[in-house]
Amino acid sequence: MSSFESKVQEALANPKNQGEIPDADAVGTVGSPECGDMLRMWLKFTEKDGKRVIDRASFQAFGCQTAIAVASMATELLKGKTAEEAQQLSARELAGDLGALPPMKIHCGQLVEGALRNALDSSAPVTAPAATAPTLAADLNRQATGKIRIVPID
Ligand code: FES
């Protein structure tokens, strides 16, 4: 087993933050037409030191093990971040300790990033400048040329 696979298995053995947050401030749902997988993310904000930060993040995945492992990592590292900070995180950063995803699994991380951005879009207005790194939003704008499509689901 590769070290990536063993990290995924480790995360799956004890996935964090699975399930709905009933009084969430934001929810985002996306699907990948490529593989049919879906992911929903909930965000709950709180006030800390005069800033509005993510208190809790949770997810439900109807998808592969990699998406679940990335979502588990991502929902942990989102805690304490402002919406602006969360907006800047790339799929690679959201995967945390899992490290770089293998090429076949990149869209699994993008599914998590897509659900986060969809949730943030439904939350308070974000005033930070757009991230400069390639993001899912950028990928969506390049849909015609790329192979990966992640779409918001109402
Ligand atoms: Fe589609 Fe992982 S195989 S999200």
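Whatever order the structure lists ligands and atoms in, that order sets their numbers, starting from 1. For clarity, every value in this text was computed on a predicted model and none was experimentally measured. Note that these values count all heavy atoms, side chains included, but never hydrogens, waters or copies made by symmetry.
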J.: Answer yes or no: is there a side-chain heavy-atom contact under 4.5 Å between Gln60 and Trp42?
T.: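 Answer yes - side chains close enough.
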J.: At a non-hydrogen distance cut-off of under 4.0 Å, which region of His107 contacts ligand 1 (side chain, backbone, both, or neither)?
T.: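 Side chain only; the backbone of His107 stays clear of ligand 1.
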J.: Are Asp55 and Thr46 linked by a side-chain donor-acceptor pair shorter than 3.5 Å?
T.: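 There is no such pair (donor and acceptor under 3.5 Å, judged by atom type) between the side chains of Asp55 and Thr46.
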J.: Can you tell me if Arg117 uses its side chain to pair, donor with acceptor, with the backbone of Gln87 under 3.5 Å?
T.: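 Yes, because the side chain of Arg117 sits within donor-acceptor range (under 3.5 Å) of the backbone of Gln87.
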J.: In terms of residue, atom name and distance, what is the protein heavy atom nearest to atom 2 (Fe) of ligand 1?
T.: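 Here the closest protein heavy atom is Cys64 SG, 2.2 Å.
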J.: For a 4.5 angstrom cut-off between non-hydrogen side-chain atoms, does Val70 reach Lys105?
T.: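 No. Closest side-chain heavy atoms not under 4.5 Å.
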J.: Heavy atom under 4.0 Å from ligand 1: found in Asp37's side chain, backbone, both, or neither?
T.: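 Answer for Asp37: side chain.
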J.: Does any non-hydrogen side-chain atom of Glu113 lie less than 4.5 Å from one of Glu93?
T.: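 When only atoms from C-beta onward are counted, Glu113 and Glu93 do not touch, as no gap falls below 4.5 Å.
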J.: Hey, is atom 1 (Fe) of ligand 1 within less than 2.8 Å of some N/O/S atom on Cys35?
T.: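 Yes, within the cut-off.
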J.: With backbone taken as N, CA, C and O and side chain as the heavy atoms from C-beta onward, which portion of Cys108 lies under 4.0 Å from ligand 1: side chain, backbone, both, or neither?
T.: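 For Cys108, the contact with ligand 1 is made by both the backbone and the side chain.
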